[in-house]
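Okay, so here's the structure we're looking at.
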Amino acid sequence: MLTTLRTTAARSVGGSSLRAVGVAPALARGHAGCSGHHHPPPPESSTTTKAEKKELPHRASGTPLNVPTTQGGPSDADAYCASLVQRLDPDAWLQSYFWPRREKAWWLAIRAFNLHQVSTTVSQPAIAAMRFQFWRDALAQIWAGKPPQHPVAIALAEAHKYRPIQKYYLNRLIETRAKNLSAPPASADLDAYLAAHAPIPDALLQTGLTLVVPPTAPETSKLAHTLSHVANTLSVVSLLRQLPSAIGKQQNPLPSAICANNGLSDEELFRDPGGKKARDAVFEVATRGMDEMITARRDLKDWNGAVKPSAAMPVFLAAVPAERWLKRLEEVDFDVTSKKMARHDWRLAPAIWARYLRGKL
């Protein structure tokens with residue numbers, strides 16, 4: 001939860017207040033509005049093969065982690081996916097160290113698939129439409145047993161062969177982004193923003209869950225519901241992290257209702273992004289993100305906060321970078337343009353490691 005809100009004991013948000021210390025107030029939203037999840041069919045039985053035993057590429061001793069690798073291609077799909085995630089999704093790369101060896105390669109393939117959707121250009125809609133269609137066709141071919149000769153498609157086909165990953169969620173990554181390309185830059189309110197954007201992290205988390213927990217396991221339904229709240233937190237952080245870049249382009253992605261609640265106009269945001277009104281609006285958005293984490297942890301109270309089975313813990317590590325980012329934002333008084341927010345968080349890796357050892361969200 002947000003531990004120190006400014007220097008006062010509480011701060012008004014949309015007519016209500018949050019306590020600065022102690023237990024956060026019970027959320028009225030709780031589980032309301034949470035839709036059910038589609039779960040894939042039971043996994044097919046299989047035996048370990050040489051392909052499963054394949055090791056991912058390792059760096060030479062002494063090579064800095066921030067130097068990108070250029071390994072991989074159709075002949076080495078795992079290396080390609082690992083290289084792509086390492087270069088473009090460093091948070092996910094740190095989390096990958098705590099995945100089992102076989103599942104790690106498949107999870108990196110899913111993250112690489114997502115990165116190919118992220119890289120789709122918005123400046124040329126025709127090209128974007130062609131790229132999205134390529135991946136729609138690629139998924140159809142993978143599920144037909146004839147993947148195209150693209151390293152990500154080959155790696156996904158390998159994952160599909162041994163785990164019941166659901167095509168629905170991968171298609172959701174494509175369709176959600178395709179729909180958002182033509183949507184207005186700002187949503188009417190935060191709920192509308194989450195409805196439009198949270199399906200992306202939710203699809204990634206739900207697909208990752210099928211890699212480590214069988215869909216027929218008794219805990220699967222509860223874990224899937226908890227992950228839906230984590231996905232909302234990830235969406236909130238994504239919105240706030242893109243804000244400095246959007247301001248530089250004279251765009252305001254903050255929900256209109258939140259700007260109105262805080263008397264923040266586009267002109268004021270562009271002129272003084274670190275001003276009080278802007279920080280108040282950011283605070284309101286950030287509070288929702290932490291509220292979702294509180295609700296996710298409440299889901300696990302019957303298990304004393306632990307993630308069960310423990311094999312699912314790597315999926316929940318996605319919450320660590322988001323929660324740490326929100327806490328760092330609080331330390332700079334919710335000024336997203338602060339130079340401190342642009343600094344590398346060297347404590348992130350130890351935090352992920354510690355959370356994994358604890359086995360709790």
Side-chain angles (χ1 to χ4, degrees), residues 1-21 24-25 27 29 91 180 183-198 200-201 229-295 319-345 348:
M1 64 185 73
L2 299 178
T3 53
T4 54
L5 307 180
R6 310 272 182 183
T7 57
T8 60
R11 181 172 180 175
S12 175
V13 180
S16 61
S17 63
L18 277 177
R19 291 190 179 93
V21 277
L27 301 178
R29 70 179 65 91
D91 289 351
N180 289 341
S187 301
D189 53 41
L190 193 50
D191 285 331
Y193 174 85
L194 293 177
H197 296 271
I200 293 173
H229 290 291
V230 176
N232 284 341
T233 297
L234 296 179
S235 294
V236 164
V237 171
S238 177
L239 169 63
L240 295 179
R241 292 183 80 160
Q242 68 169 301
L243 190 54
S245 175
I247 292 173
K249 299 175 183 177
Q250 298 291 290
Q251 297 175 355
N252 179 10
L254 292 174
S256 303
I258 289 181
C259 291
N261 290 344
N262 295 280
L264 178 65
S265 66
D266 289 355
E267 181 182 355
E268 288 176 298
L269 177 64
F270 302 151
R271 185 180 66 250
D272 188 14
K276 183 180 183 303
K277 291 182 179 180
R279 287 183 283 119
D280 287 347
V282 169
F283 170 83
E284 187 172 347
V285 176
T287 300
R288 175 63 181 273
M290 292 305 291
D291 283 351
E292 294 288 347
M293 283 299 300
I294 294 169
T295 305
V320 181
E323 190 173 17
R324 279 199 55 80
W325 193 90
L326 289 174
K327 290 180 178 179
R328 290 173 59 212
L329 182 64
E330 179 191 3
E331 292 173 358
V332 297
D333 202 14
F334 303 96
D335 179 7
V336 292
T337 61
S338 171
K339 292 182 179 179
K340 291 183 179 180
M341 296 305 297
R343 294 176 184 172
H344 173 67
D345 182 10
L348 177 58

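For this chain, numbers begin at 1 and follow the sequence in order.
- In this structure, L254 CG and L269 CG are separated by 6.0 Å, a value rounded to the nearest 0.5 Å.
- Rounded to the nearest 0.5 Å, atoms CH2 (W325) and CG (L348) are 13.5 Å apart.
- Partner of R279 under the side-chain hydrogen bond (donor to acceptor under 3.5 Å, both in side chains) criterion, chosen from T337, D335, D333: D333.
- Atom CZ of residue F334 and atom CG of residue L326 lie 8.5 Å apart, to the nearest 0.5 angstrom.
- With contacts defined as side-chain heavy-atom distances shorter than 4.5 Å, the pair L194/V236 qualifies.
- A salt bridge does not link K327 to E331: none of the charged side-chain nitrogens sits closer than 4.0 Å to a carboxylate oxygen.
- Atoms CG and CD, from L243 and Q251 in turn, are 11.0 Å apart once rounded to the nearest 0.5 Å.
- Contact check for V285 versus V282: no side-chain heavy atoms found under the 4.5 Å cut-off.
- Rounding to the nearest 0.5 angstrom, the gap separating the CG atom in L329 from the CZ atom in R241 is 11.0 Å.
- Proximity of a side-chain donor or acceptor of S187 to a complementary backbone N or O of D189 within less than 3.5 Å is not detected.
- Heavy-atom neighbours of Q250 CD from other residues, nucleotides or ligands within 6.0 Å: above the threshold of 12.
- E323 has its side chain within reach of M290: a pair of non-hydrogen atoms, C-beta onward, lies under 4.5 Å apart.
- Checking T295 against E292 by side-chain atom types alone, no donor-acceptor pair falls below 3.5 Å.
- To the nearest 0.5 angstrom, I294 atom CD1 is 12.0 Å from H229 atom NE2.
- Side-chain contact between L239 and H197: absent, with no pair of heavy atoms (C-beta onward) separated by less than 4.5 Å.
- Summarising the geometry of D91 relative to P321, their closest heavy-atom pair is OD2-CB, 3.5 Å, with the distance given to 0.1 Å.
- Heavy atoms only, all atoms of each residue included: V230 and A319 are closest at CG1-CB, 3.9 Å.
- Looking at N252 and P185, their side chains never come closer than 4.5 Å, going by heavy atoms from C-beta outward.
- The backbone N or O of A183 sits nowhere less than 3.5 Å from a side-chain atom of N180 that would complete a donor-acceptor pair.
- Checking side-chain atoms of S238 against main-chain N and O of L234 turns up no donor-acceptor pair under 3.5 Å.
- Between N262 and the options E268, E284, K277, a side-chain hydrogen bond (donor to acceptor under 3.5 Å, both in side chains) holds for only E284.
- Residues P201 and S235 are in side-chain contact: their nearest non-hydrogen atoms beyond the backbone lie under 4.5 Å apart.
- Put simply, the side chain of M341 reaches to within 4.5 Å of the side chain of R328, judged on heavy atoms.
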